[in-house]
Amino acid sequence: MKIKRSNKKKHYIYSLWILSLILICITLISCRQEVIPKPNAFFRIDPDTSSYQSINSNLPINFEIAASAYTVNDTNHIVSEWINIIYPRYHATLYCSYRPANKLQNIYQLLDENKSLVYSIKAEQITAQNYTDSINNLYATLYQLQGNTATPIQFTITDSSKYLFRGALYFDFPIRNDSIAPVLDYLKSDIIHLIETFKIHNQNNASHRRN
């Protein structure tokens, strides 16, 4: 009988040990922090210094852009010639086109067509700011499109008779204007610098004044 009681006691102790081990494991598992996936982060916003370079192309125009940007010429279009300004640091491209007036479309028709394109874009609000260089007969309009729109900034430059130069800013990914506001401010300042340094070949540097 003593042997049987001893075996029962050993079995009881062994069962108690197993139960304790199970409770400890459950406690450890329950104390683990829940793993929550982190949202995709936005790129670090650290604007470049105000350093510029002059852009000369096969078109009768030139202007200045940020030194950190570069251009790609595209002359495959029939009615206009394109200069794409790439901002690799911000994953953005300013698509610019030079379109001369002709017998089929005068400059006013080109301007109306561009204005219709701008205001056909879905945006919460569109504001226009005008720039004038009366000495060199150059006129520009900067459009800012508010909200989560595909193109937050566009512009036009014209001499009111012979040509229309326009640009539209696009990012390589869907954007939220509130999250990239510092980048938009930097790119806007660079576009304004483009407008203010825009000139026709064989003309003196333009001196633009905001209306």
### Task
For the pair I65 and Y52, evaluate side-chain contact (heavy atoms from CB on, under 4.5 Å) and give the outcome as yes or no after the intermediate values.
CA-CA 5 Å; I65 62 171; Y52 298 97; 5.7 Å; no
### Task
Give the C-alpha distance, both sets of side-chain angles, the deciding distance and a yes or no for side-chain contact (heavy atoms from CB on, under 4.5 Å) between R99 and L110.
CA-CA 8 Å; R99 190 167 180 179; L110 291 177; 3.5 Å; yes
### Query
What do the steps show when you test S97 against R166 for side-chain contact (heavy atoms from CB on, under 4.5 Å), and what is the final call?
CA-CA 6 Å; S97 63; R166 67 181 301 271; 3.2 Å; yes
### Query
Run the side-chain contact (heavy atoms from CB on, under 4.5 Å) check on N84 and C96 step by step: do they pass?
CA-CA 6 Å; N84 299 334; C96 302; over 6 Å; no
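Of the N and O atoms on the side chains of Y139 and D159, not one donor lies less than 3.5 Å from an acceptor on the other residue. Between the side chains of Q144 and Q129, no donor-acceptor pair is found at a separation under 3.5 Å. Between D172 and Y170, the side chains place no donor N or O within less than 3.5 Å of an acceptor N or O (distance only, hydrogens not considered). Counting only N and O atoms by type, the side chains of N130 and T141 include a donor and acceptor under 3.5 Å apart.
Looking only at distances, no side-chain donor or acceptor of T149 sits under 3.5 Å from a matching main-chain atom of L145. At least one donor-acceptor pair closer than 3.5 Å links the side chain of T158 to the backbone N or O of Y163. Side-chain atoms of N106 come within 3.5 Å of backbone atoms of Y108 as a donor-acceptor pair (strictly under, hydrogens ignored). Judged purely by atom type and a 3.5 angstrom limit, T151 uses its side chain to pair as donor or acceptor with the backbone of L169. In this structure a side-chain-to-backbone donor-acceptor pair under 3.5 Å is present from T197 to E64.
Atoms OH and CG, from Y98 and L59 in turn, are 7.0 Å apart once rounded to the nearest 0.5 Å. The NZ atom of K115 sits 6.0 Å away from the OH atom of Y143 when rounded to the nearest 0.5 Å.
For the pair Y131 and L142, the minimum side-chain heavy-atom distance is below 4.5 Å. Inter-residue side-chain proximity for L194 and I85 is flagged as met; some heavy-atom pair is nearer than 4.5 Å. Side-chain atoms of N136 and I200, non-hydrogen and from C-beta on, never get closer than 4.5 Å to each other.
Across L117 and S120, no two heavy atoms sit closer than the pair O-OG, 2.7 Å. Across all non-hydrogen atoms, the minimal contact from S54 to N62 is OG-ND2, 3.9 Å. When all heavy atoms of I126 and V118 are compared, the pair lying nearest together is CD1-O, 3.6 Å. The heavy-atom pair separating S161 from A101 by the smallest distance is O-CB, 3.8 Å.
The residue from I86, L94, I55 that alone fulfils the side chain to side chain contact (heavy atoms under 4.5 Å, CB included) condition with T71 is I55.
Between Y186 and Y90, the ring-plane angle classifies as tilted under the 30° and 60° cut-offs.
More than 12 non-hydrogen atoms from other residues, nucleotides or ligands lie less than 6.0 angstrom from OH of Y119.
Applying the ring-ring contact (aromatic ring centres under 6.0 Å, His included) test to F63 and every residue at least two apart in sequence or in another chain returns F165.
Connection of I195 to L164 is not established within any shared hydrophobic cluster, with ILVMFWY side chains joined at heavy-atom distances below 4.5 Å, either directly or through further cluster members. L111 and L138 fall into different hydrophobic clusters, where Ile, Leu, Val, Met, Phe, Trp and Tyr are joined by side-chain heavy atoms under 4.5 Å apart, directly or via other members. F155 and I107 end up in different hydrophobic clusters when Ile, Leu, Val, Met, Phe, Trp and Tyr side chains are linked at under 4.5 Å.
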